[in-house]
Amino acid sequence: MKIAIIGAGYVGTTTAAAFAHHGHEVFVADNNQEKIKAFQRLKVPFYEDGLEEALKEFIQKNLLSFTTDIKQIIQGCEVIFLAVGTPSLTTGEADLSYIKEAAKEIGRYMNDYKVIVIKSTVPVGTVNYVQEVIQDELKARKSNIPFDTVSNPEFLREGKAMEDAIDPERIVIGSDSERAETIMRTIYKEFRCPNIMCTSPKNAEMIKYASNSFLAAKISFMNELARLCDVLGVDVAEVSKGMGLDSRIGHQFLQAGIGYGGSCFPKDTKALAQIALQRNLSLGIVEAVCAVNETQAQWFLEKAENALGSFSGKQITVLGLTFKPDTDDIREASSLKIIDYLVKKKALISVFDPKGMEHVKKLFPGISYKTDPLQALTNADAAIIATEWKQFTELDWKSAKKVMAQPYIFDGRNSLDPEVMKNLGYVYMGVGRPPL
Ligand SMILES: NC(=O)c1ccc[n+]([C@@H]2O[C@H](COP(=O)([O-])OP(=O)(O)OC[C@H]3O[C@@H](n4cnc5c(N)ncnc54)[C@H](O)[C@@H]3O)[C@@H](O)[C@H]2O)c1
Ligand SMILES: O=c1ccn([C@@H]2O[C@H](COP(=O)(O)OP(=O)(O)O[C@H]3O[C@H](CO)[C@@H](O)[C@H](O)[C@H]3O)[C@@H](O)[C@H]2O)c(=O)[nH]1
């Protein structure tokens, strides 16, 4: 089937690669010319493992192409996916202006029956809103071309985007139209996904926000608990291990740390809380999830500062800048809060990250960017681990100790073994872990 995708970001491009992988012919459009030029030169302008190779393969097989000509792909395809951004407004609400703009273009250019699929994460009711925007454009053209609007939220994780998109655990299709549902089932036929759920558009939209907020709640629950464990001399990592053995709870998303980041959890939890407030409801749990996350890095930094005496004038190394390993994405990364705090405290800051340094340089040009972990740790009074890259978990910490000025390790991701670190002579502090 010929599929158009509007928005060549993380989601649009990995979705495109997954559709091409399953034999569809995919056309991706973006209004950012630089981005499209990069894809046309077979260069992915962000880091996602396996994506560049996949895009090259499908472009060469003529299954995939990139363009700025949105009109052409709207007219050439029966199904159009919207994968544009829905960032937070200052109020926490989702900004639907990119969705609106793309919907207007569809209404302006569509020539025959279309299925418009919203893959972006959007508030409940957006499928209806898109329908109205397109309808208004058609009315202005004095046209009554039929079309359907569908919700098909995306659940991929950055860093594992390709495997998640090609082989998803679940596919949610929110449609009120039998014709559109049949087309959607045809698109996903080759995916052999065991869990294809068809429901209403509103239900599908809510499933996405509810899923992200629930995962974020698991993390904030453990992060809040870590603060109590810290006072009680209990190891939160052992607690989460014990909890996870109950299959009703499970091990995933129970790792305490310095807070969740990325382009999704912070924005989607805030948006869900805001959607409720607009209906005069307050979602106390979701609001608390956000509040714990806002303060978690600060809580950890104050403890670290206390342990070290002061950050002022000290050489502090931040290991890891991205919001999680295996990505170059620094959106809402905890490392940014850490650097900000250290700058205010007049620390001397060195950093290293395998993929995220170029982006952080634009925000903090005045700190020292190093080429490897050992160089970053040279003469350090303390290291703060903000992202659990394997370059840090597998580092030769024995050699690292020799180059550091003082042996303080503040592990914001509980990624190292406290006993091993103690035996190497480090003063180790994790999140909610008692000192040995
Ligand atoms: N990043 C993720 O891991 C992830 C996972 C699941 C869902 N989502 C959701 O998917 C959506 C997209 O996320 P993303 O991370 O891919 O965003 P992104 O910012 O990486 O990409 C969005 C792209 O849309 C383009 N765009 C905006 N308006 C346009 C228009 N009118 N015409 C053509 N192109 C336009 C932008 O130039 C940009 O390239 C968001 O709603 C997000 O919440 C993201
Ligand atoms: O036990 C855990 C698990 C994760 N995190 C943090 O949570 C954040 C998000 O991690 P993850 O969910 O792996 O990354 P994303 O790529 O943001 O993916 C989430 O957000 C996407 C966008 O909506 C969804 O599609 C995915 O299903 C959802 O997992 C990161 O900062 C992690 O460090 C923790 O602190 N503790």
Side-chain angles (χ1 to χ4, degrees), residues 4-15 28-36 38-39 45-46 48 66-70 73-74 81-88 94-106 118-123 126 152-161 164-165 168-170 208-209 211-216 218-223 226 237 240 244 250-269 271 293 296-297 320 322-327 329-335 386-388 412-415 431:
I5 297 182
I6 301 182
Y10 283 88
V11 170
T13 50
T14 25
T15 303
V28 185
D30 202 288
N31 55 10
N32 180 332
Q33 284 206 6
E34 288 309 306
K35 225 177 200 182
I36 290 300
F39 283 115
F46 49 85
E48 183 60 47
F66 287 87
T67 179
T68 49
D69 191 345
I70 294 177
I73 73 161
I74 290 170
F81 280 76
L82 297 191
V84 299
T86 49
S88 289
D95 178 356
L96 292 181
S97 59
Y98 303 102
I99 290 277
K100 184 179 178 185
E101 199 185 317
K104 277 186 160 203
E105 299 210 69
I106 294 171
I118 298 169
K119 212 165 220 332
S120 305
T121 303
V122 291
T126 304
N152 175 216
E154 178 54 57
F155 300 102
L156 66 78
R157 298 159 293 175
E158 288 183 22
K160 294 200 165 53
D164 285 351
E169 195 175 24
R170 65 180 150 163
K208 175 63 194 178
Y209 274 123
S211 300
N212 272 4
S213 298
F214 186 73
L215 291 171
K218 287 182 88 174
I219 300 169
S220 275
F221 179 85
M222 293 314 294
N223 284 345
S240 80
H251 289 289
Q252 296 198 60
F253 285 77
L254 291 187
Q255 311 326 311
I258 44 175
Y260 57 77
S263 66
C264 296
F265 286 178
K267 127 177 128 54
D268 296 343
T269 44
N293 201 57
Q296 187 71 359
T322 52
F323 83 96
K324 68 177 199 178
D326 303 322
T327 177
D329 199 339
I330 60 155
R331 287 178 281 183
E332 302 279 340
S334 301
S335 67
T387 319
E388 67 278 31
R413 295 293 170 190
N414 287 349
S415 60
V431 179

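Counting convention: from 1, in listed order, for ligands and their atoms alike. All values below come from the heavy atoms of this structure, side chains included, with hydrogens, waters and symmetry mates left out. The residues of the chain are indexed from 1 along the displayed sequence.
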Interfacing atoms of ligand 1 (cut-off 4.0 Å, heavy-atom, [X]):
X	value
Ile70	32 (N), 33 (C)
Cys264	2 (C), 4 (C), 44 (C)
Ala83	12 (C), 22 (C)
Gly85	22 (C)
Lys35	38 (C), 39 (O)
Arg331	15 (O)
Ile6	32 (N), 33 (C)
Tyr10	1 (N), 15 (O), 16 (O), 20 (O)

Which protein non-hydrogen atom lies closest to [atom], naming both residue and atom, and how far is it?
atom	result
atom 34 (N) of ligand 1	Asn31 N, 3.3 Å
atom 3 (C) of ligand 2	Phe253 CD2, 3.5 Å
atom 25 (O) of ligand 2	Leu156 O, 2.6 Å
atom 34 (C) of ligand 2	Ile219 CD1, 3.6 Å
atom 22 (C) of ligand 2	Cys264 SG, 2.3 Å
atom 28 (C) of ligand 2	Phe265 CE2, 3.6 Å
atom 8 (C) of ligand 2	Tyr260 CB, 3.7 Å
atom 40 (C) of ligand 1	Thr86 OG1, 3.5 Å
atom 27 (O) of ligand 2	Phe155 O, 2.8 Å

Out of curiosity, is [X] lining ligand 2, as in a heavy atom under 4.0 Å away?
X	result
Gln252	no
Gly257	no
Met222	no

Under 4.0 Å, heavy-atom basis, I'd like to know which part of [X] is in contact with ligand 1: side chain, backbone, both or neither.
X	value
Lys100	neither
Ser120	both
Leu156	both

Are any of the N/O atoms in [X] less than 3.5 Å from those in ligand 2?
X	value
Gln255	yes
Gly262	no
Thr121	no
Phe323	yes

**Asked** Strictly under 4.0 Å, does any heavy atom of Arg157 approach an atom of ligand 1?
**Response** no
**Request:** Run the contact test for Gln33 against ligand 1 with a 4.0 Å cut-off on heavy atoms, strictly below, and give the result.
**Result:**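 Checking ligand 1 against Gln33, which is what was asked, there is no heavy-atom contact under 4.0 Å.
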Heteroatom proximity flag, [X] to ligand 1, N/O under 3.5 Å:
X	answer
Asn32	no
Gly12	no
Asp30	yes
Lys119	no
Glu158	yes
Thr121	yes

**Asked** Tell me, do Thr86 and Thr126 make a side-chain contact under 4.5 Å, heavy atoms counted?
**Response** no
**Message:** Measuring only between side-chain heavy atoms, which start at C-beta, is Gln255 closer than 4.5 Å to Glu388?
**Reply:**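 No, their side chains stay 4.5 Å or more apart.
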Under 4.0 Å from a heavy atom of [X]: which atoms of ligand 2 are those, numbered in the order shown and with their elements?
X	answer
Lys208	22 (C), 23 (O), 24 (C), 25 (O)
Glu154	25 (O)
Arg413	33 (O), 35 (O)

**Request:** Between Asn212 and ligand 2, find which residue part has any heavy-atom pair under 4.0 Å and reply side chain, backbone, both or neither.
**Result:** side chain
**Asked** How does Lys324 reach ligand 2, by side chain, by backbone, by both or by neither, if only non-hydrogen atoms under 4.0 Å count?
**Response**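 It is the side chain that touches ligand 2; the backbone stays farther off.
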**Message:** If you compare all heavy atoms of Asn293 against all heavy atoms of Gly259, which two are closest, and at what distance to 0.1 Å?
**Reply:** OD1-CA, 3.1 Å
